[in-house]
Amino acid sequence: MQKIAIVGLGVIGGSFAKAFKASDSSNYYVMGIDRNQATLDKALEAGVIAEGEVENETILQRADIVIIALYPENIKEFILQNSDAFKEGAILTETTGIKQYVIDSIVPILPKQVDFIFGHPMAGRESQGFEYSDHTAFIGANYILTPLASNKPENLEVFKALLKKIGFQRLTQVTPIVHDELIAYTSQLCHCIAAALINSDQPERNTVQFIGDSYRDLTRIAKLNENLWSELMLNNKDVLVQVISEFEAEMTKIKESLLTDNKRELEEVFIEATRRRVDLEKNDLMI
């Protein structure tokens, strides 16, 4: 039986806990560390963790695998506080949406007795907190791994097998830089667009009476955890600013087509967009 510690039982950490229970609870002994006792109580009541602590006392010393589901800035602090507590040979991982910054801040302080595998579950939620966690978020989802040269191949295989067991379908390995470039476009830019769209609304429009699926779909991810997303974006700002500029160029093209009554150019923009979306549908298992 694998002993697993989950640090931070919010949406992602809670979803991991629920996924282990839904997968095959007899194979896993899941423990939780969360600074909020009320959250631990909810997880215990739901039966997704066997025991919990607000600060590590005995859990890390027994955990074969430690999943750290904290904000980027908090991971370093947690490792520094508990560097002597991790079990010899334990596999550690984190779940943040940026990689190079996190790796640069964590690798220099990693205790020698652990193997830290950096990764990113592509299965977030708009709301925050354990009550919004859901194991089904992982079913069929993508997981991006950014392994280090120091990672032991056998540990990487153990972790991959674990991810497959709880529902992740496509596991992709890339460098931290490639991860951050792609996430800036596929995630961070999308959240910026959603925020800008809903913030550009004018109160006198009485928008609620006119919205349809398009507006609902585009603004769904505008419900942002301001602390987390500000942290993620600021620590990936160079790449994010670049993709924002690329997006602005495409919006300018549409705007100029409208200003010049250039129907043909507008049609070409839409034809290209349709072609790319169709290609995406053919290759994305989640659509």
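Throughout, numbering of the chain's residues begins at 1 and tracks the sequence.
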Near Y215 OH, under 6.0 Å, is it more than 12 heavy atoms from other residues, nucleotides or ligands?
yes
Query raised in the report: Quick check: are there more than 12 heavy atoms from other residues, nucleotides or ligands sitting under 6.0 Å from CZ of R35?
Result: no
Tracing side-chain contacts under 4.5 Å among Ile, Leu, Val, Met, Phe, Trp and Tyr outward from V269 reaches I254, L258, L266, F270
All heavy atoms of G97 vs all of L232, minimum pair found to be N-CD2, 3.9 Å
Here the pair of heavy atoms bringing A90 nearest to A63 is CB-O, 3.6 Å
The residue among R277, R276, R275 that forms side chain to side chain donor-acceptor pair (under 3.5 Å) with D279 is R275
Only residue of K3, Q2, K87 satisfying side chain to side chain donor-acceptor pair (under 3.5 Å) with D64 is K87
Open item on the list: I'd like to know if E250 pairs up with K253 as an ion pair, taking the criterion as any Lys NZ or Arg NE/NH1/NH2 lying under 4.0 Å from an Asp or Glu carboxylate oxygen.
Closed with: yes
#### Entry: Pairing of E94 and K76 as salt bridge, 4.0 angstrom limit
no
The ring pair (Phe, Tyr, Trp, His ring centres under 6.0 Å) partners of F130 (sequence neighbours excluded) come to none
(Q) Measuring centre to centre across the rings, with the benzene-like ring taken for any Trp, is F16 within less than 6.0 Å of F138? (A) yes
When rounded to the nearest 0.5 Å, the distance separating CZ of F78 from CG of L70 is 7.0 Å
